[in-house]
Amino acid sequence: PTLDRLIAVPGPPTFGEGLAVQALGVEGGGPVPTALVAARRLGCSAVLVTRLGEDETGQQIEAGLHREGIDLHLVQRSTTTRSAASVILVGPDGERAILYDAGEETSPEVSDQMLAAVRTADALLLDRYRPASLAGAKEARAAGVTVQLDAGGFDERVMDIIPLCDIVIASAYYAQSRGLSPEETINELLELGVQIAIVTLGAQGAIGKTTNGEVLRIPAFPVRAVDT
């Protein structure tokens, strides 16, 4: 999880110059926490596994998730952890630039309690490689629990997790980082054992494919973008 400070900007800032901006607020962020909040608002139960620092940022992240009804009993807290935070610059068209501080020592430790929760879940959602992510994916696969990966960016270590996933939703940036087209990315994911592979394309929508289907191209919904 991260704590995002959102700022509306009229254009890209220039070093050495001032720029009038509008503060939009402070919100919790991160692919998995955001998805869990959406699931809770739709009436599902949601449990978060992570590690937060006993710092102000961690306290704000936890408070926001608690307000949304996320089960936090598996959240680990540590005085040596510095919680992650971001400054997100939002342009007039809704596109964003992210200034990201990943924090320190944010990887949760694997525990019997965590693995037990994975075995009884309907699905496990991951967003990056961590030792706990790999352990959780292995446990879920053995228990027949659906494993989904949100692959917004590419890290070579995530290739250890992908063969354990049923669903992978990758970004165009992920495909570019692999030196592949979106179609090639989908085929590579399916060859690695994924059942449903999707690549998101921003304003161009998304493309996806299952192991037994043809490539599907889904256009983006025509909306006024507030924040991507």
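- Distance alone, capped at 3.5 Å, places no donor-acceptor pair between the T34 side chain and the P31 backbone.
- Under the 4.5 Å side-chain heavy-atom criterion for grouping Ile, Leu, Val, Met, Phe, Trp and Tyr, V47 is connected to V110 within one hydrophobic cluster.
- A side-chain hydrogen bond (donor to acceptor under 3.5 Å, both in side chains) check over residues 1-11, counting only residues at least two apart or in different chains, returns the pairs T2-D4.
- Annotation: salt bridge (Lys or Arg N to Asp or Glu O under 4.0 Å) contacts involving residues 193-204, sequence neighbours excluded, are absent.
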Distance-only check: which donor-acceptor pairs under 3.5 Å involve side-chain atoms of residues 191-204, not counting sequence neighbours?
from: Q195; atom 1: NE2; to: G193; atom 2: O; distance (Å): 3.3
from: T200; atom 1: OG1; to: A170; atom 2: O; distance (Å): 3.4

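- Listed by first and then second residue, the salt bridge (Lys or Arg N to Asp or Glu O under 4.0 Å) pairs involving residues 194-216 amount to none (not counting sequence neighbours).
- If you take CG on L190 and OG1 on T211, they are separated by 7.0 Å, rounding to the nearest 0.5 Å.
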### Message
Let's go through R178 and M159 carefully: what are the C-alpha distance in whole Å and the side-chain angles of both, what is the deciding distance for side chain to side chain contact (heavy atoms under 4.5 Å, CB included) to 0.1 Å, and is it a yes or a no?
### Response
CA-CA 11 Å; R178 294 285 293 153; M159 300 303 287; 3.8 Å; yes
Review item, side-chain donor-acceptor pairs of residues 132-154, under 3.5 Å, at least two apart:
from: S133; atom 1: OG; to: R128; atom 2: O; distance (Å): 3.2
from: E139; atom 1: OE2; to: R119; atom 2: NH1; distance (Å): 2.7
from: R141; atom 1: NH2; to: L164; atom 2: O; distance (Å): 3.0

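- Within the structure, side-chain hydrogen bond (donor to acceptor under 3.5 Å, both in side chains) contacts touching residues 47-61 (residues at least two apart or in different chains) are R51-S78, R51-T81, D55-S83.
- Side-chain heavy atoms closer than 4.5 Å link hydrophobic residues (I, L, V, M, F, W, Y) into clusters, and following such links, even through other members, never connects V26 to V9.
- With sequence neighbours left out, E17 forms a side chain to side chain contact (heavy atoms under 4.5 Å, CB included) with T14.
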Quiz: residues 61-70 side-chain donor-acceptor pairs under 3.5 angstrom, not counting sequence neighbours:
from: E62; atom 1: OE1; to: R77; atom 2: NE; distance (Å): 3.2
from: E62; atom 1: OE2; to: R77; atom 2: NE; distance (Å): 3.2
from: E62; atom 1: OE2; to: R77; atom 2: NH2; distance (Å): 2.4
from: E68; atom 1: OE1; to: R41; atom 2: NE; distance (Å): 3.2
from: E68; atom 1: OE2; to: R41; atom 2: NH2; distance (Å): 2.6

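- Atom CD1 of residue I186 and atom CG of residue L180 lie 11.0 Å apart, to the nearest 0.5 angstrom.
- Every salt bridge (charged side-chain N to carboxylate O under 4.0 Å, His left out) that E104 has, sequence neighbours left out, goes to R82.
- Atom CG of L89 sits about 9.5 Å away from atom CG of L6, to the nearest 0.5 Å.
- Residue pairs satisfying the ring pair (Phe, Tyr, Trp, His ring centres under 6.0 Å) criterion with at least one member in residues 10-39, sequence neighbours excluded, are absent.
- Side-chain atoms of D160 never come within 3.5 Å of backbone atoms of I162 as a donor-acceptor pair (strictly under, hydrogens ignored).
- Across Y129 and V158, no two heavy atoms sit closer than the pair CB-N, 4.1 Å.
- Here the closest non-hydrogen pair linking P1 and L48 is CG-CD2, 4.0 Å.
- The shortest side-chain heavy-atom distance between L126 and I161 falls under the 4.5 Å cut-off.
- For the pair C165/V168, a side-chain contact is recorded, criterion being any heavy-atom separation below 4.5 Å from C-beta on.
- What you find for P92 and P10 is that their closest heavy atoms are CG-O, 3.5 Å.
- Within the structure, the ring pair (Phe, Tyr, Trp, His ring centres under 6.0 Å) test picks out no pair touching residues 76-119 (sequence neighbours left out).
- The two atoms that bring L52 and G58 nearest to each other are CD1-O, 3.8 Å, heavy atoms only.
- For CD of E184, the number of neighbouring non-hydrogen atoms (other residues, nucleotides, ligands) closer than 6.0 Å is greater than 12.
- Residues meeting the salt bridge (charged side-chain N to carboxylate O under 4.0 Å, His left out) test with D155, sequence neighbours left out: R157.
- Taking all atoms of both residues into account, the shortest heavy-atom contact from T106 to A102 is CG2-O, 3.8 Å.
- Across all non-hydrogen atoms, the minimal contact from C44 to R40 is O-NH1, 2.8 Å.
- For the side-chain contact (heavy atoms from CB on, under 4.5 Å) with I7, the qualifying choice from V87, L19, V90, L24 is V87, the only one to do so.
- Side-chain heavy atoms closer than 4.5 Å link hydrophobic residues (I, L, V, M, F, W, Y) into clusters, and following such links, even through other members, never connects Y173 to V32.
- The closest side-chain heavy-atom distance from P108 to R130 is below 4.5 Å.
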